[in-house]
Amino acid sequence: MKTSRTPNNWTNILFFSLTPLLAIAGIYWLYASGRGVPAATWVLTAIGLYATGLGITSGYHRLFAHKTYDAPWPIRLFFLVITSGSFEGSALEWSSDHRTHHRFVDTDKDPYNIKAGFWFAHIGWLFKRPSPPLLYDNVTDLLRDPLIRFQHRYYIPLAILVSFGIPTLIASLWGDPWGGFFVAGVTRMVFNHHATFCINSVCHYLGTQPYSDRHTGRDSWITAIFTYGEGYHNYHHEFPGDYRNGIRAWHWDPGKWLIYGLKKVGLARNLKKVQPDRIFQARLEMDEKKLVQKLATHPGLAKIDWHHLVSKNRQRLIDAHAHFLKLKQDYKRLKSEKMDYVADQMEKVHAEIQKARENFERSLTEWRMLLRNPVVA
Ligand SMILES: [Zn+2]
Ligand SMILES: [Zn+2]
């Protein structure tokens, strides 16, 4: 398939092909020569893996590319320096490609277009040069930040220093500079490459589409585990301005926990969240779409007014949800007033919330039954 990336990028081809070989050869040599790799070096590797991975998700992705929250300069600088160690380009290049990905997802203009094949979306796109070259016209806001300009300008020396120099130096403290270089440096970088590349390949390939089928982004808790929480990619493509990818408390999303933790200690602010009723509506619309498709292919249903049945159920569920959310807001407001005379009111609202929750849950169960077995319902 034709894409907007054509001439070969030989630097990238050699870099992304030779570094995995160097990692394997290095580890083989460490063990074959009897040096081995001490536990401290493996711990350093794990820390480095998560630091550079979260640098990509919480820093490059959610702070710079999508601006889902604001952070003071020491945090921006920290993310810019630590993420240089992921060797995935400067924040400016990364964000420019990523904004284009969201804008033109699944088309020839998408830099990592999944429709051009799994391999292309994973790594093949890096083997080609963008044509025409990146103009950075979609990241002019980022260009105003002197720290981002600094990282872009000195990207290669910074990346070499953070990716290989620092792990080598740290591991020298326990007498293992070669383990620091080959394991905490090269191997860690290769693992991190493929973990984050999976966001462009596996996250557009494997999983469900609960919020939209207008794009190929998919939700999967399995991919969330090895992509630092970016596996809820259907949600992310539908609501890219949300600082979370996994919106439920139990969704594995260390990126969101880090951002929330930074907010708690005053190092992040203006965390953006999509309103629950909008998320709920998107989900219901998608449910309804799937249901209509299911019903349309079912023989003998032509005479049943199922369209009316579906919209009646959906509306009842939306009303129940909206009522429940409103009562919750009322309760929160009353609680913040902290006046004696509101105590009675609070009790009343609390009882109403219970009823509204039961009503909502009943409507939701009916909706789910309708989805599972529309013919009987
Ligand atoms: Zn995507
Ligand atoms: Zn994104």
Side-chain angles (χ1 to χ4, degrees), residues 1 3-5 53-71 79 83 86 88-126 130 134 138-139 141-142 148 193-224 226-247 251-256 258-259 271-274 279 282:
M1 187 175 285
T3 73
S4 53
R5 304 177 80 92
L54 285 177
I56 290 283
T57 62
S58 303
Y60 271 26
H61 189 206
R62 303 187 200 182
L63 177 61
F64 299 125
H66 290 300
K67 306 197 114 184
T68 64
Y69 65 101
D70 298 325
F79 276 134
T83 318
S86 71
E88 292 188 22
S90 70
L92 205 61
E93 285 172 281
W94 199 101
S95 302
S96 179
D97 275 334
H98 193 72
R99 288 181 183 180
T100 311
H101 167 61
H102 274 268
R103 187 167 172 209
F104 298 108
V105 66
D106 305 327
T107 69
D108 285 350
K109 286 185 184 170
D110 175 356
Y112 15 96
N113 177 18
I114 192 73
K115 299 263 166 94
F118 185 90
W119 172 254
F120 178 84
H122 188 76
I123 196 170
W125 70 281
L126 287 162
L134 287 185
N138 60 351
V139 282
D141 55 320
L142 300 181
I148 290 184
H193 277 160
H194 290 276
T196 52
F197 294 169
C198 280
I199 303 163
N200 301 332
S201 55
V202 187
C203 292
H204 279 267
Y205 203 79
L206 192 85
T208 56
Q209 294 181 296
Y211 302 99
S212 175
D213 62 357
R214 288 185 294 270
H215 48 76
T216 54
R218 282 164 190 269
D219 275 18
S220 161
W221 64 267
I222 300 170
T223 45
F226 58 86
T227 56
Y228 314 97
E230 302 271 26
Y232 302 96
H233 209 57
N234 188 255
Y235 178 83
H236 175 62
H237 268 274
E238 201 52 23
F239 302 109
D242 197 315
Y243 84 93
R244 310 157 303 169
N245 267 19
I247 53 167
H251 283 171
W252 180 258
D253 186 357
K256 105 185 145 184
L258 175 63
I259 297 165
L271 274 58
K272 294 185 187 109
K273 251 165 117 171
V274 178
I279 302 170

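The residues of the chain are indexed from 1 along the displayed sequence. In listed order, ligands and their atoms are each counted from 1.
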Decide side-chain hydrogen bond (donor to acceptor under 3.5 Å, both in side chains) for N234 and T208; before the verdict, give the C-alpha distance in whole Å, the side-chain angles of both, and the deciding distance to 0.1 Å. CA-CA 8 Å; N234 188 255; T208 56; over 6 Å; no

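Within the 4.5 Å cutoff, no side-chain heavy atoms of F239 are placed close to those of I247. Contact of the Y112 side chain with the H98 side chain is registered, since non-hydrogen atoms from C-beta on lie closer than 4.5 Å. Side-chain contact between E238 and R214 is present, with heavy atoms from C-beta onward closer than 4.5 Å. Put simply, the side chain of H66 does not reach to within 4.5 Å of the side chain of D242, judged on heavy atoms.
Taking backbone and side chain together, H233 holds an N, O or S atom under 2.8 Å from the Zn ion (ligand 1).
Between F197 and H194, the ring-plane angle classifies as perpendicular under the 30° and 60° cut-offs.
Excluding waters, the count of protein N/O/S atoms less than 2.8 Å from the Zn ion (ligand 2) comes to 5.
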